[in-house]
Structures are given as C-alpha cells and as structure tokens.
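Please read all numbers here as calculations on a predicted model, not as lab measurements. Heavy-atom basis, side chains included; hydrogens, waters and symmetry copies ignored.
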Amino acid sequence: MRVGIYAAEPYPGGEVNYIKSLIKALSLVQDLSIVLYVTSESFQYFTDITDVSIKHTKNFKLRFGGASLNKKLQRRFLIFAFQILEILNIKLFKIDDNDLDLFIFPYFAKEAIITGVPYIIIPHDKRAFENANYFNRKLNNKILREANAIVTESSYVKYDILKYVSIDNQKVEIIVSPPPKYKVGTEQENIKRIMDNYELPQKFLIYPAHIISSKNHINLILALKKIENDYGHNVNLVCTYTSDNPSHFSKVKKTIMTLGLKRNIIFYEKIPYDDLIIMYKLATALVMPTLFESVSMPIWEAFYLGCPVVSSNVCALPEQVGDAGLLFDPNNIEDMAEKIYRIWTDEKLRKKLIQKGYERIKNMTLENYAKQWEEIIEEALQIND
C-alpha cells in the first residue's frame with residue numbers, strides 16, 4: 001500500500017512536528033510505503049526525514065496565500081475557481097503515482113477536493129469553518145463530506161466540526177499524536193551547556209510559541225507584573241519563538257519595557273529543538289496562556305519531560321490537561337497571576353503535577369499511535385471497495 005502525505009503549506013512548529021510523528025507511526029505499519037508531497041517552500045522542514053519518497057508538487061497557496069492585497073485576491077479567485085471546477089467535475093491536481101492508494105492531508109488543505117485519490121483529512125481546529133464566505137463554506141463542507149475519514153486530536157474539535165457540517169459522527173475519529181521520544185544525552189553536560197549558552201536564570205517559566213496576538217504574550221506579561229506587585233515575586237520567563245507578526249512583537253516588547261520587566265523576560269528565536277527539550281527539563285513550569293488552541297504539542301512535551309504545566313482553559317486544552325496541570329482564564333489577569341504564582345512557589349504541587357503528567361501520557365506511544373492509524377486507513381479504504 002502506498003500512502004501520500006500532503007505537506008505543501010504546513011504551519012511551522014506544531015503542524016510540522018505533527019506530520020513528522022505521523023510519518024514515524026506509518027513507518028511502523030507493515031506493507032505500507034509513504035510518499036511525502038512537498039513544495040520548494042515546505043521541503044526545508046523535512047530534510048531530516050528518511051525512508052520516505054519525496055515528491056515535489058505545486059503550491060496553490062490556497063491556505064496562506066500572501067500578505068499583499070493582490071495575493072489575497074489571487075487566493076480568493078483560486079478558491080472560487082476550484083469550486084467551479086468541482087461543480088464541473090474537472091480534476092486538475094496531478095499525482096504522478098498511479099498506484100497511490102490513499103492521500104492523508106495532515107491539516108485542512110483545500111487541495112483535497114481536486115484529487116481523485118481517496119483521502120483522510122485532519123482539521124486541527126474550526127478556523128477553516130468560522131466566518132467563511134459562501135464559496136469557502138461550500139468548498140469546506142464538500143471537502144469534509146467527501147473525505148473517506150476525518151481525524152481530529154480532541155472531542156472538542158470533533159464536535160466543532162459536527163456543528164458546521166452535517167455528517168455521520170462515526171466518520172470523525174479521535175487519534176491523539178504522541179510526543180516524540182527525546183534523546184537528551186548526558187544530563188549534566190547538557191544542563192551546563194544550555195545554562196551557559198543561553199545565560200538562563202536559575203529559575204524560569206518557559207513559553208514556546210509564535211509571537212502573534214492569539215498566543216496572548218501581553219496578558220502573560222501583565223500577569224507577571226501583577227505577581228510582582230501583589231506577591232512580591234519576580235518571575236522569570238523564557239520565550240522561544242518565531243515572529244510571524246513584527247508589529248505585534250513590537251507591542252510585546254514595548255509592554256515589557258513599560259512595565260520594567262526587561263531583566264525578567266528573555267526571547268530566543270528558532271533555537272535548535274534539542275536545546276528546547278533540555279530547557280523544558282530545566283524550567284520550573286511550562287506556561288501556555290494562549291487564547292485559541294486545539295491541542296498543544298508543548299503540553300504533551302512538558303508532560304513527557306517532567307515539566308509542570310499551567311495553561312489557559314480554552315478550546316480543547318482542559319480536555320488535554322485534565323488534572324495534570326493548573327488551568328486559568330487567559331482573559332483574566334488576576335486568575336492567571338494566581339495560578340502562575342502557585343506553580344512558581346509550591347514545590348510539592350509541581351512534583352504532584354509532574355507525576356500526573358507522566359500518568360497522562362504513559363499510553364501515548366508511537367506503537368499505539370501506529371495501530372490506530374493502521375485501523376483507520378483500513379476502514380477508509382473499505383469505503384471504496
């Protein structure tokens with residue numbers, strides 16, 4: 001069996017890691033070979049992938065397009081054109097593997113509608129459906145209805161999809177991607193290297209996230225200031241990031257300067273992943289103040305690496321965290337400050353949450369993940385038999 005994985009426009013970070021975990025899992029399935037479809041832009045994220053065939057495909061830019069008005073208009077025109085072509089039953093998406101059995105779209109890719117190959121699609125959240133115009137809505141609904149199966153990582157996302165599209169709920173499967181297994185090497189050597197190279201404080205929170213408004217850095221900074229004012233504690237924060245919005249990053253930095261927290265908050269851009277996982281192990285806790293998140297890979301990573309978690313209570317995060325972390329309202333500075341202060345000062349609580357985190361993910365193995373995927377692929381292909 002040959003399975004194609006479409007990766008023309010993955011979002012850097014969580015989605016790229018999701019695709020890599022999917023590839024590792026499918027590699028464990030007997031008699032299955034993988035073809036990874038990339039573009040010249042997306043290939044950079046998968047240079048470390050081995051034992052799969054790499055195919056270059058056209059990037060229609062149906063997902064992100066570009067920032068300019070012309071690019072946005074071009075994207076809207078293409079979506080409209082794809083809808084018309086679908087009505088006329090004209091397939092344009094050329095796949096040069098005639099013996100490909102199945103396509104997996106590991107994010108909500110509109111290209112799914114113009115491939116003649118059976119497919120599974122994986123929407124990570126409801127943003128593809130909310131506030132969509134008429135043509136987008138029609139196209140999105142058709143993509144989901146014609147999929148052989150739909151996979152999500154939480155019941156929250158599953159039932160969001162069922163609100164927008166009239167389909168059998170048994171068609172939507174929940175399969176949770178496990179965190180990678182990490183090789184951190186000799187502990188003391190790595191601790192000294194990371195502490196020295198990054199000049200880390202002895203005690204700090206870690207927040208790995210893109211610097212965009214939905215990641216809520218500004219409210220987090222305001223909460224840290226409130227902890228200083230109300231509790232008399234200076235909390236250090238290490239943010240690893242990719243800046244997708246320079247103007248918003250400027251607002252974040254201005255807030256830090258205005259509140260006098262420059263010495264307490266450190267930003268590192270695009271640090272090596274091996275260094276990041278050691279930072280998890282060194283951190284006092286992971287803080288996840290996001291305003292919108294389906295399932296957070298950093299939370300799984302923190303559980304796996306023994307890093308306590310304090311997180312916002314939005315979307316699927318309460319489902320993901322369970323009782324293995326503290327939850328707060330990300331729009332309530334006082335609530336956020338109180339929960340962060342608790343995890344910052346209570347060592348017994350941190351130890352308890354670390355143990356609960358280990359329990360939360362103990363069955364989330366690559367082998368179990370592979371078995372789940374093997375079953376859903378078999379079920380999806382039976383639809384076409």
**Asked** So which heavy atom on Ala324 is nearest to which on Gly357, and how close?
**Response** CB-N, 3.8 Å
**Asked** Centre of Phe249's six-membered ring, under 6.0 Å away, within 45 degrees of the axis: is that where NZ or CZ of Lys253 sits?
**Response** yes
**4.5 Å side-chain heavy-atom contact, Thr290 and Leu317** = yes
**Prompt:** With side chains defined as the heavy atoms from C-beta onward, is the minimum distance between Ile299 and Ser311 less than 4.5 Å?
**Reply:** yes
**Asked** For the atom pair CG (Asn17) and CG (Leu22), what is the distance rounded to the nearest 0.5 Å?
**Response** 12.5 Å
**Request:** Using the test ring pair (Phe, Tyr, Trp, His ring centres under 6.0 Å), find all partners of His124 that sit at least two apart in sequence or belong to another chain.
**Result:** Tyr18
**Request:** Mind checking ring pair (Phe, Tyr, Trp, His ring centres under 6.0 Å) for Tyr207 and listing every partner two or more places apart, or none if nothing turns up?
**Result:** His217
**Message:** If you compare all heavy atoms of Asn264 against all heavy atoms of Val235, which two are closest, and at what distance to 0.1 Å?
**Reply:** CB-O, 3.7 Å
**Message:** So does Phe292 get a backbone contact from the side chain of Ser214, meaning a donor-acceptor N/O pair under 3.5 Å?
**Reply:** no
**Request:** State the CG-CD1 distance between Leu282 and Ile277, to the nearest 0.5 angstrom.
**Result:** 11.0 Å
**Request:** Answer whether the closest heavy-atom distance between the side chains of Glu173 and Glu375 falls below 4.5 Å.
**Result:** no
**Asked** Step by step, would you call Ile122 with Ile104 a side chain to side chain contact (heavy atoms under 4.5 Å, CB included)?
**Response** CA-CA 8 Å; Ile122 308 168; Ile104 297 176; 3.9 Å; yes
**Spacing of Leu261 atom CG and Leu237 atom CG [to the nearest 0.5 Å]** = 9.5 Å
**Message:** Would you compute the distance between atom CG of Leu286 and atom CG of Leu305 and round it to the nearest 0.5 angstrom?
**Reply:** 10.5 Å
**Asked** Would Tyr198 and Ile271 count as a side chain to side chain contact (heavy atoms under 4.5 Å, CB included) if you check the C-alpha gap in whole Å, the side-chain angles of each, and the deciding distance to 0.1 Å?
**Response** CA-CA 10 Å; Tyr198 294 96; Ile271 70 168; 3.9 Å; yes
**Message:** Checking Tyr358 now: which residues fulfil ring pair (Phe, Tyr, Trp, His ring centres under 6.0 Å) with it, not counting sequence neighbours?
**Reply:** none
**Prompt:** Is the side chain of Arg360 donor-acceptor paired with the backbone N or O of Gln320 at a distance under 3.5 Å, no angle test?
**Reply:** yes
**Asked** Rounded to the nearest 0.5 Å, what separation is found between the CD1 atom of Ile120 and the CD1 atom of Ile175?
**Response** 7.5 Å
**Message:** Here's a test for you: under side chain to side chain contact (heavy atoms under 4.5 Å, CB included), which of Val321, Asp346, Asp323, Leu326 qualifies with Leu353?
**Reply:** Leu326
**Prompt:** Considering all heavy atoms of both residues, which atom of Leu259 and which atom of Lys225 are nearest to each other, and what is their separation?
**Reply:** O-NZ, 2.9 Å
**Asked** Any donor and acceptor pair, going by atom type alone, linking the side chain of Tyr304 with main-chain N or O of Pro178 inside 3.5 Å?
**Response** no
**Request:** Please step through side chain to side chain contact (heavy atoms under 4.5 Å, CB included) for the pair Leu144 and Phe108, ending with a clear verdict.
**Result:** CA-CA 9 Å; Leu144 292 174; Phe108 196 84; 3.7 Å; yes
**Asked** Quick one: does Glu9's side chain get under 4.5 Å of Thr39's, heavy atoms only?
**Response** no
**Prompt:** Ile194 versus Met279: any side-chain heavy-atom pair under 4.5 Å?
**Reply:** yes
**Asked** Okay, side chain of Lys339, backbone of Leu327: is any donor-acceptor separation there less than 3.5 Å?
**Response** yes
**Request:** Keeping the roles fixed (side chain from Asn216, backbone from Leu291), state whether a donor-acceptor pair exists under 3.5 Å.
**Result:** no
**Request:** For Ser42 and Val38, indicate whether the former's side chain and the latter's backbone hold a donor-acceptor pair under 3.5 Å.
**Result:** no
**Message:** By the definition side chain to side chain contact (heavy atoms under 4.5 Å, CB included), identify the one residue from Leu381, Asp31, Leu102 that meets it with Met1.
**Reply:** Leu381
**CD (Gln202) with more than 12 external heavy atoms under 6.0 Å** = no
**Message:** Are more than 12 heavy atoms, taken from residues, nucleotides or ligands other than Glu347, located less than 6.0 Å from that residue's CD atom?
**Reply:** no
**Item:** Ser155 side chain to Glu319 side chain, donor-acceptor N/O pair below 3.5 angstrom
**Value:** yes
**Asked** What orientation do Tyr241 and Phe267 show, parallel under 30°, tilted 30 to 60°, or perpendicular over 60°?
**Response** perpendicular
**Pair Glu359 + Lys362: basic N to acidic O under 4.0 Å** = yes
**Request:** Kindly check if the number of other-residue, nucleotide or ligand heavy atoms within 6.0 Å of NZ (Lys171) is above 12?
**Result:** yes
**Pairwise side-chain contact, Ile227 with Ile340, heavy-atom cut-off 4.5 Å (strictly under)** = yes
**Qualifying salt bridge (Lys or Arg N to Asp or Glu O under 4.0 Å) pairs, either residue in residues 12-21, two or more places apart** = Glu15-Arg63, Lys20-Asp48
**Message:** Aromatic contact between Phe105 and Tyr6, with the criterion being ring centroids under 6.0 Å apart: yes or no?
**Reply:** yes
**Message:** Enumerate the salt bridge (Lys or Arg N to Asp or Glu O under 4.0 Å) contacts for residues 195-211, please, sequence neighbours excluded, ordered by first and then second residue.
**Reply:** Lys192-Asp196
**Request:** Would you confirm whether Ser21, through its side chain, and Pro179, through its main-chain N or O, come within 3.5 Å as a donor-acceptor pair?
**Result:** no
**Message:** As a quick check of understanding, evaluate side chain to side chain contact (heavy atoms under 4.5 Å, CB included) for Leu162 and Lys158, giving each step before the final call.
**Reply:** CA-CA 6 Å; Leu162 294 173; Lys158 173 177 178 173; 4.2 Å; yes
**Asked** Do any N or O atoms from the side chain of Asn148 and from the backbone of Pro118 form a donor-acceptor pair under 3.5 angstrom?
**Response** no
**Fill in**
Interatomic distance, CG@Asn245 vs NZ@Lys215, rounded to 0.5 Å, equals 13.5 Å
**Message:** Between Lys371 and Glu374, does any NZ, NE, NH1 or NH2 come within less than 4.0 Å of an OD or OE carboxylate oxygen?
**Reply:** no
**Message:** Main chain of Pro246, side chain of Ser250: is a donor-acceptor contact present, judged purely on distance under 3.5 Å?
**Reply:** yes
**Request:** Please name all residues satisfying ring pair (Phe, Tyr, Trp, His ring centres under 6.0 Å) with Phe204, sequence neighbours left out, ordered by chain then number.
**Result:** none
**Prompt:** Quick one: does Ser177's side chain get under 4.5 Å of Trp300's, heavy atoms only?
**Reply:** no
**Request:** Determine yes or no for a side-chain-to-main-chain donor-acceptor pair under 3.5 angstrom, with Asn219 supplying the side chain and Pro330 the backbone.
**Result:** yes
**Message:** Within the 4.5 Å heavy-atom criterion, are Thr57 and Glu111 side-chain neighbours or not?
**Reply:** no
